[in-house]
Number of protein chains: 2
Amino acid sequence: MARQPARRDTTQPTETTQHTGTTRRTDPLTVDAIVDAACELIAEAGLAALSMRRLGAVLGVDPMAVYHHVNNKRQLLSLVTARVVGAMVLPAADAAWAVRVRGWADAYWAVVVANRDLVAAGLADPVVAAGGIPLVAPLTEAVADSGIRAALVEPNVWLIVDFVHGAALGAAAPLRHAADDLTPLRAAFAAGLDTIVAGIEAQAGG
Amino acid sequence: MARQPARRDTTQPTETTQHTGTTRRTDPLTVDAIVDAACELIAEAGLAALSMRRLGAVLGVDPMAVYHHVNNKRQLLSLVTARVVGAMVLPAADAAWAVRVRGWADAYWAVVVANRDLVAAGLADPVVAAGGIPLVAPLTEAVADSGIRAALVEPNVWLIVDFVHGAALGAAAPLRHAADDLTPLRAAFAAGLDTIVAGIEAQAGG
DNA sequence: ACCTGAACACCGTTCAAGT
DNA sequence: ACCTGAACACCGTTCAAGT
């Protein structure tokens, strides 16, 4: 969950995210700093470790101060989701449609696998999901370039998005792979994409 | 979330699930009665309303009594998941493979849509997911009957299972359908299945 | 404008004590 | 064997008060 390289027009604020959590900050809180701290907390100890109270401690601030910049925890999760999804690395736009479909799916799969419980929470909660509407435009273009009927573009985009969600979240399921090795899961995902690409091709050629 | 018609070899226990929650039960607690009450609570007020304390109240029992029959809340959710998935209506086994694939996917989709947050919680938690390993055997047979290469059967089974998960959980996402009408979501799901079936056909015929 | 601290209404779970 | 009740260590959020 890397910090976004986005507009960082202020000087780096005083370091307040030491593990003691006792440091008092000297400069005003910002939404950006709050999301930074939330991402760090999640990266270090998982989504379950993210509470408004712990977040305040990490920021060196009264837990309730956060509510002055963020409506509630759901909105915070939505902001975190937006940052995570925004960090997705999109594939080059000049390859063949099938290559672009695979590239997009692989990139999104990696993001979802790395943030499984965040995405699981988001899928169940429209407020959180709103922060994570993925950058589907390049995928839509790639699917459209297959030559498929226009009415079939959108359902096939959702097929791919939904397959990524299910496959990445299924990483938690037992019996599908060893706990610490995602390789077989990744291979099965690639094979599933093969079927989807073959299906789109068949529908485009018919 | 219908009560399972399974072995109910004891007489119906005294009604203790009235909304007052104050009734004291006269007969000993059973795991079955606990799962019954949990399902009712979820059906009435959603997964968020299911707490060990409220469960005790509904059962007319000290909240901690439940811990004598169930290890913890995760195991309870696993048991609830097992019951929900076990209620899935499997399609007839004598149809063409594509019909059986579609029938299985439709039936599982209905189960997952009706229990979205339970499944979302389960996908993120292996203990819960263990209760929900769906009855994939009929799906595996249907996919195998397509004539596809043996090595491709399992990945395509997961493709379908994962697509169902993603599509059903995506029902919470905004902009994809009106809050109270799942019809467009269902139509998109059917179209996605078309692509998968076409893809399997293409791979089988190659 | 921004932050604090007490308070409200909850959680899951442990553990010694009861019957 | 089974249930109870107090206790522990937490939650998200509201709200009046401070600076």
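Naming: A, B, ... by sequence-line order, numbering from 1 per chain.
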Side chains of B:Thr30 and B:Asp32: any donor to acceptor distance under 3.5 Å?
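No, because no side-chain N or O of B:Asp32 sits under 3.5 Å from a partner of the opposite role on B:Thr30.
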
Counting N and O atoms only, with roles assigned by atom type, does the side chain of B:Asn115 sit under 3.5 Å from a partner on the main chain of B:Val111, one being a donor and the other an acceptor?
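The answer is yes, because a donor-acceptor pair under 3.5 Å joins these two groups.
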
[atom1] atom, [N] versus [M]: distance in rounded Å?
{"N": "D:dC10", "M": "C:dA9", "atom1": "P", "answer": "22 Å"}
{"N": "C:dC2", "M": "D:dA17", "atom1": "C1'", "answer": "13 Å"}
{"N": "C:dC3", "M": "D:dA16", "atom1": "C1'", "answer": "13 Å"}

Residue mapping more 5' on DNA chain C - nearest nucleotide basis, A:Arg53 or A:Pro63:
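Its nearest nucleotide being more 5', the pick is A:Pro63.
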
Between [options], which one does the side chain of [X] approach most closely?
{"X": "A:Met64", "options": "D:dT13, D:dC3, C:dC3", "value": "D:dT13"}
{"X": "A:Ser51", "options": "C:dT13, C:dC3, D:dG12", "value": "D:dG12"}
{"X": "A:Lys73", "options": "D:dT13, C:dC3, C:dG12", "value": "D:dT13"}
{"X": "B:His68", "options": "C:dG5, C:dC3, D:dC3", "value": "D:dC3"}
{"X": "B:Tyr67", "options": "C:dT14, C:dG5, C:dC3", "value": "C:dT14"}
{"X": "B:Asn72", "options": "D:dG12, D:dC3, C:dT13", "value": "C:dT13"}

Closest contact, heavy atoms only, A:Ala191 versus B:Pro155
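For A:Ala191 versus B:Pro155, the nearest heavy atoms are CB-CB, 3.5 Å.
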
Can you check whether A:His69 has a side-chain N or O nearer than 4.0 Å to OP1 or OP2 of C:dC3?
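For A:His69, the contact criterion (side-chain N or O under 4.0 Å from OP1 or OP2 of C:dC3) is met.
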
State whether B:Arg54 places a side-chain N or O below 4.0 Å from either non-bridging phosphate oxygen (OP1 or OP2) of C:dC11.
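Looking at the OP1 and OP2 atoms of C:dC11, one of them is under 4.0 Å from a side-chain N or O of B:Arg54.
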
Nearest whole angstrom, please: distance from the [atom2] of [N] to the [atom1] of [X].
{"X": "A:Met52", "N": "C:dC3", "atom1": "CE", "atom2": "C1'", "value": "14 Å"}
{"X": "A:Leu76", "N": "D:dT13", "atom1": "CG", "atom2": "C1'", "value": "14 Å"}
{"X": "A:Leu55", "N": "D:dT13", "atom1": "CG", "atom2": "P", "value": "12 Å"}
{"X": "A:Asp62", "N": "D:dG18", "atom1": "CG", "atom2": "C1'", "value": "12 Å"}

Positive for ring-ring contact (aromatic ring centres under 6.0 Å, His included) with A:Trp109, one of A:Phe163, A:Trp104, A:Phe189
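It is A:Phe189, the one option of A:Phe163, A:Trp104, A:Phe189 that forms the ring-ring contact (aromatic ring centres under 6.0 Å, His included) with A:Trp109.
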
Could you check which nucleotide pairs with C:dT19 in any of the strands shown, counting Watson-Crick or G-U wobble with both distances under 3.5 Å?
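Checking every strand shown, C:dT19 finds its partner in D:dA1, with both distances under 3.5 Å.
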
Is there a Watson-Crick or G-U wobble partner for D:dT14 with both distances under 3.5 Å, and which nucleotide is it?
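Partner of D:dT14: C:dA6.
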
In plain terms, say whether A:Arg102 and A:Asp194 are close enough for a salt bridge, that is, a side-chain N and a carboxylate O under 4.0 Å apart.
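A:Asp194 and A:Arg102: salt-bridged.
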
